[in-house]
J.: 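Pasting in a structure now, in structure tokens, and then I'll have a few things to ask.
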Amino acid sequence: EASEQVRSIFDTRNADDAHRTARRMRIDYLWVDQVERQAYREGIATLASAPGYFDPVFDNGEVTVYYVK
């Protein structure tokens with residue numbers, strides 16, 4: 001069940017839902033690399049477009065780490 005909830009964070013197009021799920025699960029950071037970008041292209045774009053919820057704290061071109069506010 002927890003794996004499915006994490007998957008929903010990456011898979012949703014609704015930043016509010018992703019943020020609510022991450023906070024409920026007490027997730028502080030999300031790691032996004034090529035695997036997530038390929039599997040959840042639209043969901044990752046949702047995270048990237050919501051800095052009010054997901055603050056990119058590290059990005060080296062291959063990996064982005066988002067802080068869940």
Side-chain angles (χ1 to χ4, degrees):
E1 184 176 320
S3 293
E4 192 58 39
Q5 289 177 6
V6 171
R7 190 178 350 264
S8 76
I9 293 169
F10 289 112
D11 202 25
T12 187
R13 295 181 191 159
N14 184 312
D16 292 324
D17 290 345
H19 183 257
R20 193 172 14 260
T21 300
R23 296 310 311 154
R24 185 176 58 244
M25 295 183 74
R26 298 177 183 229
I27 294 172
D28 293 321
Y29 294 92
L30 294 170
W31 171 284
V32 176
D33 61 20
Q34 197 61 21
V35 172
E36 286 82 16
R37 285 188 184 95
Q38 288 178 354
Y40 307 107
R41 187 172 311 272
E42 293 176 11
I44 299 305
T46 299
L47 298 179
S49 70
Y53 289 141
F54 304 101
D55 185 21
V57 293
F58 176 81
D59 187 349
N60 69 0
E62 292 182 29
V63 172
T64 303
V65 177
Y66 292 95
Y67 172 68
V68 181
K69 292 183 174 181

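Residue numbers run from 1 in the order of the sequence given. Side-chain atoms are counted along with the backbone in the values below, which use heavy atoms only and exclude waters and symmetry mates.
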J.: Taking atom CD of E4 and atom CG of D11, what is their separation to the nearest 0.5 Å?
T.: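 The distance works out to 8.5 Å.
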J.: If a pair satisfies salt bridge (Lys or Arg N to Asp or Glu O under 4.0 Å) and one of its residues is in residues 25-40, list it, with sequence neighbours excluded.
T.: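 Pairs touching residues 25-40 that pass the test: R23-D28.
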J.: I need the full list of salt bridge (Lys or Arg N to Asp or Glu O under 4.0 Å) pairs touching residues 42-59, with sequence neighbours left out, sorted by first then second residue.
T.: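 Passing the test, one end in residues 42-59: R13-E42.
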J.: I27 and L47: same hydrophobic cluster, using ILVMFWY side-chain contacts below 4.5 Å?
T.: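 They do share one cluster, since a chain of ILVMFWY contacts under 4.5 Å joins I27 to L47.
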J.: Suppose we screen for side chain to side chain donor-acceptor pair (under 3.5 Å). Which residues come up paired with Q34, at least two apart in sequence or across chains?
T.: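 Applying side chain to side chain donor-acceptor pair (under 3.5 Å) to Q34 gives none.
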J.: Kindly compute the distance separating CD1 (I9) from CG (L30), expressed to the nearest 0.5 Å.
T.: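 It comes to 6.0 Å.
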J.: Counting only N and O atoms by type, is there a donor-acceptor contact under 3.5 Å from the side chain of K69 to the main-chain atoms of H19?
T.: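 Not a single qualifying donor-acceptor pair exists.
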J.: Quick one: ring-ring contact (aromatic ring centres under 6.0 Å, His included) partners of F58, sequence neighbours excluded?
T.: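 Not a single residue meets the ring-ring contact (aromatic ring centres under 6.0 Å, His included) criterion with F58.
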J.: Kindly work out whether a path of hydrophobic side-chain contacts (I/L/V/M/F/W/Y, heavy atoms less than 4.5 Å apart) joins W31 to V57.
T.: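 As far as the 4.5 Å side-chain criterion goes, V57 and W31 are connected within one cluster.
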J.: For the hydrophobic clusters of this structure (ILVMFWY residues joined by side-chain heavy atoms under 4.5 Å, transitively), does one cluster hold both Y66 and M25?
T.: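 They do share one cluster, since a chain of ILVMFWY contacts under 4.5 Å joins Y66 to M25.
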J.: Just jot down the side chain to side chain donor-acceptor pair (under 3.5 Å) partners of Y53, sequence neighbours excluded, or say none.
T.: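 So Y53 forms a side chain to side chain donor-acceptor pair (under 3.5 Å) with D16.
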J.: So which of I44, V65, V63 actually passes side-chain contact (heavy atoms from CB on, under 4.5 Å) with V32?
T.: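 Exactly one candidate clears the test, I44.
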J.: How would you list, by chain and number, every residue that makes a side chain to side chain donor-acceptor pair (under 3.5 Å) with R20, sequence neighbours excluded?
T.: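 R20 satisfies side chain to side chain donor-acceptor pair (under 3.5 Å) with D17 only.
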J.: Between the side chain of S49 and the main-chain N/O of A45, is any donor-acceptor distance below 3.5 Å?
T.: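 Yes.
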